[in-house]
Protein chains: 2
Amino acid sequence: MAKDLPTLEDVARMSGVSTATVSRALNAPKRVRPETLARITDAVAQLGYTPHFGGRALASNRTFTVGAVIPTMENAIFARGLQALQEQLSAQGVTLLVSTSNYDPDEEAAQVRALLGRGVDGMVLIGEARDAQVYTLLERRGVPFVLVWTWRPDCPWPCVGFDNAEAARAMAQQVLDLGHRRIAMIAGITRGNDRAAARVDGVRGALDAHGLSLPADRLVESDYSLEAGAEAARRLLAQTPRPTVILCGNDVLAAGAYAAIRDAGLSVPADISVTGFDDIDLAHVLSPGLTTVHVPHRRMGEAAARMLLAMGADGAAPDGVALQTGIVRRGSLAAPPPG
Amino acid sequence: MAKDLPTLEDVARMSGVSTATVSRALNAPKRVRPETLARITDAVAQLGYTPHFGGRALASNRTFTVGAVIPTMENAIFARGLQALQEQLSAQGVTLLVSTSNYDPDEEAAQVRALLGRGVDGMVLIGEARDAQVYTLLERRGVPFVLVWTWRPDCPWPCVGFDNAEAARAMAQQVLDLGHRRIAMIAGITRGNDRAAARVDGVRGALDAHGLSLPADRLVESDYSLEAGAEAARRLLAQTPRPTVILCGNDVLAAGAYAAIRDAGLSVPADISVTGFDDIDLAHVLSPGLTTVHVPHRRMGEAAARMLLAMGADGAAPDGVALQTGIVRRGSLAAPPPG
DNA sequence: TTGTACGCGTTATCAG
DNA sequence: CTGATAACGCGTACAA
């Protein structure tokens, strides 16, 4: 299949220098005389030369690649952060390799191994909860990695994110302040997902502080999909008395809840309020706009990139980066209906 | 940074055979005696050996990698198809490398070069419109590639997709059948984007066939973003008389239009109808649900994977695959308001 | 069935 | 500033 590509040697021959000089011309242009550089540049262009990746990886023991394993590409949750990550990395000549785990820890471990096999220079992982073996593996290999979408004061690994529990607590607090007392939650599947679990904890904490609780029948765990979110909401709507507000573990779940509420002939927020988490585009497209926790997607991606590049250079273990979240008030949250 | 990893030679030493045998044990297990194989397998496990990607690429001239360049990850348009592509490929031990062009042809060309430099065994590109140089490059390199999201009878390259013009024409036809005559369109930027252009052509064709036309002030080109879509819609809503329907080049633009319409105190579809294109999740989350062109995302991704793998094996240039689209009627399209 | 030996394209060291 | 040349880890003729 693949035809023979021009190699460094071809370029060297055509420009009348040695391969070493060509290599330098490409990697450290200022260490070669301008005129030779020009000849080489010409030859490169004429031949359409591109460095051979494998050769480079072999000789330099670097791949200029970082890997990221995210749960899914099917919704936009991770898209914006990834985009930012990629932009930062490619500005430094580093390629981003993305793969997905479908929220399955074993699958994630497999993807990590695959990425390591490809010799990635660094790795970005979502959240903190995973088999200890994965961390062991990463450390044995000496591959720098950073965790994103989570942050807590005493996290043992470099992480860039925010305090999911605190953000969820703040949202619940806001809901309480409006007078809601029959509060329900649709959470993501908490098993193997520390962000989903932390968000539940945060809500619990706020309720506890008010002498309330989140009874089992007011908490539904659900896959992060529209359909599953709608199904979960249906279960909550069937209860008597009906909750006056549904706190959702993310915006996709909230969108599903909207659909169920609409199908039930109810309206947001007159009959029932809804809140989300993540602030993806979806949140302000919904009608009414979704009140949600704003997450600094792009800044997370950018900070992760910077941190990874720094770790590759210094080899030092950096401090985590704690970013702020905030609550975006839109139409979906109002005081509970009377009665 | 990266610690020294075990190599083939380490495994060979530990199991008391030559590197050649270890290599065979890994790549063609049945060509080595069961007992030696067992010893080798043990050593591999003990050392935690993983083949070095660069070395393998260098020696075998294959990377078991295919690349895809998509316009953006920021919305979900390409996500589902990519996911399907990735699933199919990884089932065959092939890794998918994704990069983005931000709808910029030059950027796309750069990404293609970068991917080629990494020695991808195949490539997936979106649509047909790009600099001839890119095609030349691909063919000179002998790297199999397939175009997705587009199909037409006489496309000179292998493509998997659908007829964008025909799908848009059908949608416009449906709108005409409902009695609409003041028809406006928000299209994607057509320059460098054959899908966007084809969708405009399709709408034009339907109108022409009815003795109507799409005057310049009823056609707005817009970036594929919510904000830009809303802005475009605002311009159209300001006209007198107002259009009775806005055909949008994709669902994201339509969602933007919804927002503008809502802000203008109007309602869909009572005051104005809206249609989309792509049928991403967004379309049935909007309220009312968006009437849109359903695109077979997953089947496109799967077919592309199959085609690419086949091309890698046979080396033959396969026929294109034409998939069907369909119109999904939801609440956003109704007969025009009287008057 | 197994081993030897070479080459893949690049970088890096060291002389010049 | 430039050139020889030795790695880098693996696959694969070819030989045994």
Side-chain angles (χ1 to χ4, degrees), chain A residues 1-41 43-44 47-65 93 116-121 141, chain B residues 1-41 43-44 47-65 93 116-121 141:
Chain A
M1 278 305 75
K3 302 194 178 134
D4 277 357
L5 303 175
T7 72
L8 251 202
E9 191 172 349
D10 296 327
V11 178
R13 199 167 16 239
M14 173 175 284
S15 38
V17 297
S18 76
T19 60
T21 303
V22 178
S23 177
R24 271 188 294 260
L26 264 33
N27 298 313
K30 27 186 191 175
R31 305 200 82 73
V32 352
R33 201 196 325 161
E35 355 172 343
T36 27
L37 179 56
R39 282 214 313 284
I40 294 175
T41 312
V44 166
L47 292 169
Y49 168 78
T50 322
H52 185 285
F53 179 74
R56 191 205 277 262
L58 194 50
S60 68
N61 201 29
R62 297 194 50 191
T63 58
F64 304 94
T65 298
L116 287 176
R118 304 185 77 82
V120 294
D121 296 333
R141 293 274 197 138
Chain B
M1 287 312 77
K3 305 205 173 122
D4 275 359
L5 302 175
T7 72
L8 251 202
E9 192 172 349
D10 297 324
V11 178
R13 200 167 15 238
M14 172 175 283
S15 39
V17 297
S18 75
T19 60
T21 304
V22 178
S23 177
R24 273 187 292 258
L26 265 32
N27 298 313
K30 26 187 190 174
R31 305 197 82 74
V32 352
R33 198 193 331 155
E35 351 173 347
T36 26
L37 179 57
R39 283 215 313 285
I40 294 174
T41 312
V44 165
L47 291 169
Y49 168 79
T50 322
H52 185 285
F53 182 73
R56 191 208 278 265
L58 196 49
S60 70
N61 203 27
R62 296 196 52 191
T63 59
F64 304 94
T65 298
L116 287 176
R118 303 185 77 81
V120 294
D121 296 332
R141 294 272 197 138

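Only this structure's heavy atoms are used, side chains among them; waters, hydrogens and symmetry mates stay out. All chains are named by letter (A, B, ...) in the order of the sequence lines, taking the proteins before the strands, and each is independently numbered beginning at 1.
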Margin query: Restricting to side chain to side chain contact (heavy atoms under 4.5 Å, CB included), what partner residues turn up for A59(A), sequence neighbours left out?
Written below: none
Note to self: If the helix axis at each end comes from five base pairs, how far does the helix from dT1(C)-dA16(D) to dG16(C)-dC1(D) deviate from straight, to 10°?
What the structure shows: 30°
Item checked: Nearest-angstrom distance from the residue atom NZ of K30(B) to C1' of dT2(C) -> 19 Å
Notebook entry, point to check: Nearest 0.5 Å, what's the CZ-OG1 distance between F53(A) and T63(B)?
Noted result: 9.0 Å
Next item on the list: Could you check how far CZ of R13(B) sits from P of dG3(C), rounded to whole Å?
Entry: 14 Å
Donor-acceptor list for residues 28-40 of chain A side chains, cut-off 3.5 Å, not counting sequence neighbours:
unit_1	atom_1	unit_2	atom_2	d
T36(A)	OG1	R33(A)	O	2.6
R39(A)	NE	S15(A)	O	3.1
R39(A)	NH2	S15(A)	O	3.1

Item checked: Gap between atom OG1 of T19(B) and atom CG of L8(B) - 0.5 Å precision -> 6.0 Å
Note to self: Going by the rule side chain to side chain donor-acceptor pair (under 3.5 Å), which residues pair with T41(B) if we only count those two or more places apart in sequence or in a different chain?
What the structure shows: none
Notebook entry, point to check: Who are the side chain to side chain donor-acceptor pair (under 3.5 Å) partners of T7(B), not counting sequence neighbours?
Noted result: none
Check: Does T65(B) have any side chain to side chain donor-acceptor pair (under 3.5 Å) partners at least two apart in sequence or in another chain, and if so, which?
Finding: R118(A)
Item checked: Set of side chain to side chain contact (heavy atoms under 4.5 Å, CB included) partners for L58(B), sequence neighbours left out -> H52(A), L58(A)
Check: Can you list every pair that meets salt bridge (Lys or Arg N to Asp or Glu O under 4.0 Å) and has a residue in residues 12-26 of chain A, with sequence neighbours left out?
Finding: E9(A)-R13(A), D10(A)-R13(A)
Next item on the list: Specify the separation, in whole Å, of atom CZ of R31(A) and atom P of dT13(C).
Entry: 12 Å
Margin query: With heavy atoms of chain A within less than 4.0 Å as the criterion, where does contact along DNA chain D begin and end?
Written below: dC1(D) to dG9(D)
Protein N or O to nucleotides 8-10 of chain C N or O, pairs below 3.5 Å:
unit_1	atom_1	unit_2	atom_2	d
dG9(C)	N2	G55(A)	O	3.3
dT10(C)	OP1	Y49(A)	OH	2.3
dT10(C)	OP1	H52(A)	N	2.8
dT10(C)	OP2	L8(A)	N	2.5

Notebook entry, point to check: side chain to side chain contact (heavy atoms under 4.5 Å, CB included) with S60(B): which residues, sequence neighbours excluded?
Noted result: R56(B), R62(B)
